[in-house]
Amino acid sequence: MAEPTFRAPKGTRDILPPDSGRLRALIDEFAAAAGLRGFGEVVSPMFEDLGVFKRLGEETDVVTKEMFDFLDKGDPPQHLALRPELTASICRAYAEHRPVPPWKIWYEGPQFRYEQPQAGRYRQFTQVGVEVLGADDPQVDVDVISLGWDFYRTLGLRQVELVINSMGDASCRPQYMAALTDHLVGHRSDLSPQSQVTLDRNPLRILDSKRDEDQAVIAAAPSMVDYLNEECSVHFEEVRAGLDALGIPYSMSPRLVRGFDYYTKTVFEFVGDALGGSQNAVGGGGRYDRLVEDLGGPPTAGIGFALGVDRILLACDAEGVFPGPATAVSVFVVDVTGGGHALDVCTRLREAGIGADRAYGGRSMKAQMKVADRSGAPFAAIIGEDEVAAGEVTLRDLRGEAGQRRVALDDLVRDVRALTTN
RNA sequence: GUGGGCGUAGCUCAGUUGGUUAGAGCGCCUGGUUGUGGUCCAGGAGGUCGGGGGUUCGAAUCCCCUCGUUCACCCCA
């Protein structure tokens with residue numbers, strides 16, 4: 001392959017038709033699902049002060065080594081970073097604008113992490129997500145989780161599984177951490193070298209290690225749910241009861257700890273079973289009752305999730321669902337008189353709200369018919385000298401058995417409507 | 001960031017132990033008598049074999065570097 005002068009930067013890609021149409025349709029689907037449940041959209045900046053993201057946790061890889069950060073041209077310069085996720089931005093916006101709680105919002109857009117790219121893992125990737133700020137009612141957790149669950153079902157995905165856990169809060173997590181650390185330190189020599197390093201930095205991280213050597217130690221480790229205090233325990237029970245009431249299946253995993261330090265109480269992940277490899281998390285989220293405060297806002301409970309659009313589409317491919325939208329072009333105009341009449345006919349159709357396209361460059365009828373076929377349009381409107389003389393066009397059915405017939409130019413819109421509405 | 005696989009036309013891939021003008025299928029373009037696509041037939045365009053360096057009389061085939069991609073770890077969506 002001849003090397004082009006420029007190519008999309010490492011870990012980024014161009015999304016072209018028809019994939020881009022599919023992406024758009026997926027986001028529209030999510031917008032509809034969120035809107036139906038009373039969520040409003042927030043469009044926030046693509047970059048923030050670096051400090052906004054640092055609050056996500058000093059032990060979080062996304063913060064410590066995966067940030068696209070830079071200095072602006074100010075004096076003194078401001079240290080900014082492309083957003084690696086959106087929860088922090090939303091919390092920053094909440095602290096800044098103080099909307100009336102509960103604040104139910106959804107978002108969509110690209111996010112950036114400086115990682116080694118892999119299938120389903122990009123340096124620029126798209127997420128859709130929701131956040132609810134200002135309500136710690138477990139019913140909110142249920143509402144949020146069910147929105148995610150329903151969304152996957154709407155797309156047609158059947159092999160997505162829900163996994164949940166509880167991380168406790170500031171009063172019970174320390175006791176669990178002590179017990180976990182005791183256990184891990186006691187088996188330090190049984191852990192992989194990498195996990196032994198992790199142990200000193202953030203013991204919780206070892207729980208989702210995928211290395212075989214670690215599995216026995218992890219399996220014997222204490223579970224957070226056994227250390228939950230009364231409040232957290234009741235909260236978790238109510239979340240589970242709510243999911244049960246909705247008939248949403250889930251499994252509990254004491255190993256589900258998530259990568260951000262800010263989570264409290266409920267955490268959950270949607271796993272795409274149809275995706276091989278490690279990039280099988282198609283969505284995840286949890287409750288974060290301290291984050292808004294950490295960003296300078298009032299004490300505010302929060303919960304939300306982010307769904308990886310790129311991975312969801314890979315999962316759709318794997319399951320053979322969500323093919324994407326059909327063409328919006330209903331009529332492809334074939335004009336063998338030079339093209340001037342195609343201009344007129346297309347305009348008539350478009351002004352009536354009927355999708356219309358045409359060929360350019362005065363190509364042969366055969367060539368234009370091929371383009372018409374490829375366009376996916378259900379009908380072709382053919383214009384030759386005969387039609388022009390009679391003030392008509394030949395309307396041809398490209399997909400069915402209706403054949404073709406001549407119609408008066410002034411009746412074209414009416415006839416196309418009749419054919420496309422039944 | 002660490003380690004392994006891969007990188008030949010727009011796409012999916014063949015290219016034998018290094019040896020003459022690098023191939024196929026799909027796609028694209030043009031035709032198959034004078035206005036008709038989706039089937040069929042015939043032509044055609046399109047590649048300095050990711051890039052750079054080296055070994056050799058000679059390299060897509062061997063070596064080194066580099067870039068990209070992919071898999072695992074890590075992390076996460």
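In the text below, chain A, chain B and the rest are named by the order of the sequence lines, each starting its count at 1. Values in this document were obtained by computation on a predicted structure and should not be read as measured data.
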For this session: Indicate for each nucleotide in nucleotides 29-39 of chain B, in 5' to 3' sequence, whether protein heavy atoms under 4.0 Å reach the base (B), only the sugar-phosphate (S), or nothing (-).
Result: SS-B--BBBS-

For this session: Give the intermediate values and the outcome of salt bridge (charged side-chain N to carboxylate O under 4.0 Å, His left out) for residues A:D415 and A:R405.
Result: CA-CA 11 Å; A:D415 288 358; A:R405 65 194 160 89; 3.6 Å; yes

Please state whether the phosphate of [N], meaning OP1 or OP2, lies under 4.0 angstrom from any side-chain nitrogen or oxygen of [X].
{"X": "A:R205", "N": "B:rC75", "value": "yes"}
{"X": "A:K10", "N": "B:rG68", "value": "yes"}
{"X": "A:S209", "N": "B:rC74", "value": "yes"}
{"X": "A:R258", "N": "B:rA77", "value": "yes"}

Exercise. Taking everything shown except A:Y114 itself, do over 12 heavy atoms lie less than 6.0 Å from its OH?
Worked result: no

Exercise. What does A:Y122 touch in the nucleic acid at a heavy-atom separation under 4.0 angstrom: a base, only the sugar-phosphate, or nothing?
Worked result: base

For this session: Considering only NZ, NE, NH1 and NH2 on the basic side and carboxylate oxygens on the acidic side, decide whether A:R173 and A:D169 come within less than 4.0 Å.
Result: no

Problem set entry | Criterion salt bridge (charged side-chain N to carboxylate O under 4.0 Å, His left out) against A:E48, the qualifying member of A:R83, A:R55, A:K54, A:R92 | A:R92

Exercise. Does A:D397 use its side chain to pair, donor to acceptor, with the backbone of A:A402 at less than 3.5 Å?
Worked result: yes

Exercise. Taking atom types as they are modelled, is there a donor-acceptor pair under 3.5 Å from the base of B:rC74 to the side chain of A:R211?
Worked result: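 Such a pair does not exist between side chain and base.
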
Exercise. So does A:E115 reach the base of B:rA77 with its side chain, donor to acceptor, closer than 3.5 Å?
Worked result: yes

Exercise. B:rA42 pairs with which nucleotide, Watson-Crick or G-U wobble, both distances below 3.5 Å?
Worked result: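 B:rU30 is the nucleotide pairing with B:rA42.
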
Exercise. Do the side-chain N and O atoms of A:Q124 and A:T12 include a donor-acceptor pair separated by under 3.5 angstrom?
Worked result: no

